[in-house]
> 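Here's a structure for you.
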Amino acid sequence: MDLNKRNKVLRFLDEHYPNVGCELRYRKDYELLIAVVLSAQTTDQAVNRVTPRLFKTFPRLENLAQAPIQAIETIIQSIGLFRTKAKHIKALATILVNEHDGKVPSDKLILTRLPGVGNKTANVVRAELFKIPEIAVDTHVHRLSWRLGISKRTDSVSTTEKKLRKAFPEERYILLHHQLIHFGRYACQAKKPQCEGCALQSMCKEPHKYLEKPLINRR
Ligand code: SF4
């Protein structure tokens, strides 16, 4: 991606999504970690619907570590993969209590060794809690990256992450991640993106199929 295109993307995102951030609700560091683990393959809204009850029923990390799996399952059963996630939450809480003094580690390697924590979750947690410049590639970020010509559609998540890191300045990573997610969630959706009037049409890899008429007939 050349500098002009890069700056155009940044200007567009700053204009439309100037102050966006994490939409998962949390009060404590470990609550954010658990919320991100729960958010795999489901929406932040779905997670926000279950976490208040989860953290009210088990107000401390120790309570979660000692909780019966079934009790966690009952609270989070409305979200996908709830059985696996319930196991992960309990195991994760146990490890944090026993090995990390109840604190969320910032080290990438240590984070990704925790149950249910992959590279994307670790990146979200590192950026959100520790302000470490990371770009977490979720489905929205992946789609936006190839639509805007930063990566290829067939690129893996890790290749997309590398290309994003190369294309944008490090100090923009954290905000850029949130901006791309918001753009993908609320305008440039997978199935029916709002292409009419989108200022990024000229550099987009697939605007035409989403416009009522092809651009060539619109003059
Ligand atoms: Fe997304 Fe459509 Fe804009 Fe392309 S033209 S970036 S598909 S909204």
> Is a donor from one side chain sitting under 3.5 angstrom from an acceptor on the other, for H140 and Q189?
no
> State, without any angle test, whether S202 and K8 hold a side-chain donor-acceptor pair at a distance under 3.5 Å.
yes
> Honestly curious: do I174 and L164 fall in one hydrophobic cluster under the side-chain, below-4.5 Å linking rule?
no
> Determine, for D29 against K103, whether the closest basic-nitrogen to carboxylate-oxygen distance falls under 4.0 angstrom.
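Looking at D29 and K103, the cut-off is not met.
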> Please tell me whether F183 and F12 form a close aromatic pair, meaning their ring centres lie under 6.0 Å apart.
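Yes, close enough.
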> To the nearest 0.5 angstrom, please state how far the CG atom of L32 sits from the SG atom of C22.
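These two atoms lie 5.5 Å from each other.
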> Between E134 and R165, does at least one N-O distance fall below 4.0 Å, as a salt bridge requires?
yes
> For the backbone of A67 and the side chain of K90, can you confirm whether one donor and one acceptor N or O come within less than 3.5 Å of each other?
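Checked: pair present.
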> Will you find, in the side chains of N48 and E23, an N or O donor that is under 3.5 Å from an N or O acceptor?
no
> Test your reading of the model: is there a side-chain donor-acceptor pair from R143 to the backbone of G184, 3.5 Å cut-off?
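Answer holds: yes.
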> As an exercise, state the distance from NZ of K209 to SG of C195, rounded to the nearest 0.5 Å.
10.0 Å
> May I have the step-by-step check of salt bridge (Lys or Arg N to Asp or Glu O under 4.0 Å) for R185 and D44, ending in yes or no?
CA-CA 11 Å; R185 248 180 218 158; D44 287 0; 2.9 Å; yes
> State, without any angle test, whether E128 and Y26 hold a side-chain donor-acceptor pair at a distance under 3.5 Å.
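Yes - a donor-acceptor pair under 3.5 Å links their side chains.
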> Dump the intermediate steps for salt bridge (Lys or Arg N to Asp or Glu O under 4.0 Å) on K120 and D138, then the final yes or no.
CA-CA 7 Å; K120 185 188 72 150; D138 72 349; 5.6 Å; no
> Tell me whether E31 is salt-bridged to R25, with the criterion being a basic N under 4.0 Å from an acidic carboxylate O.
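Salt bridge absent between E31 and R25.
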> Indicate yes or no for a side-chain donor-acceptor contact from T51 to the backbone of V47 under 3.5 Å, with no hydrogens or angles considered.
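Checked: pair present.
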> Can you tell me if D14 uses its side chain to pair, donor with acceptor, with the backbone of R11 under 3.5 Å?
no
> Is any side-chain heavy atom of I135 closer than 4.5 Å to one of E170?
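Heavy-atom side-chain distance check fails, nothing below 4.5 Å.
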> Would the distance check show the side chain of K163 and the main-chain N or O of S151 forming a donor-acceptor pair, the cut-off being under 3.5 Å?
no
> Report yes or no: do V20 and V36 belong to one cluster of Ile/Leu/Val/Met/Phe/Trp/Tyr joined by side chain heavy-atom distances under 4.5 Å?
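No: no chain of side-chain contacts under 4.5 Å links V20 to V36.
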> Is a side-chain donor or acceptor of Q179 paired with a backbone partner of N19 at a separation under 3.5 angstrom?
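Checked: no pair found.
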> Verify, without hydrogens or angle tests, whether N7 (side chain) and N4 (backbone) share a donor-acceptor contact under 3.5 angstrom.
no
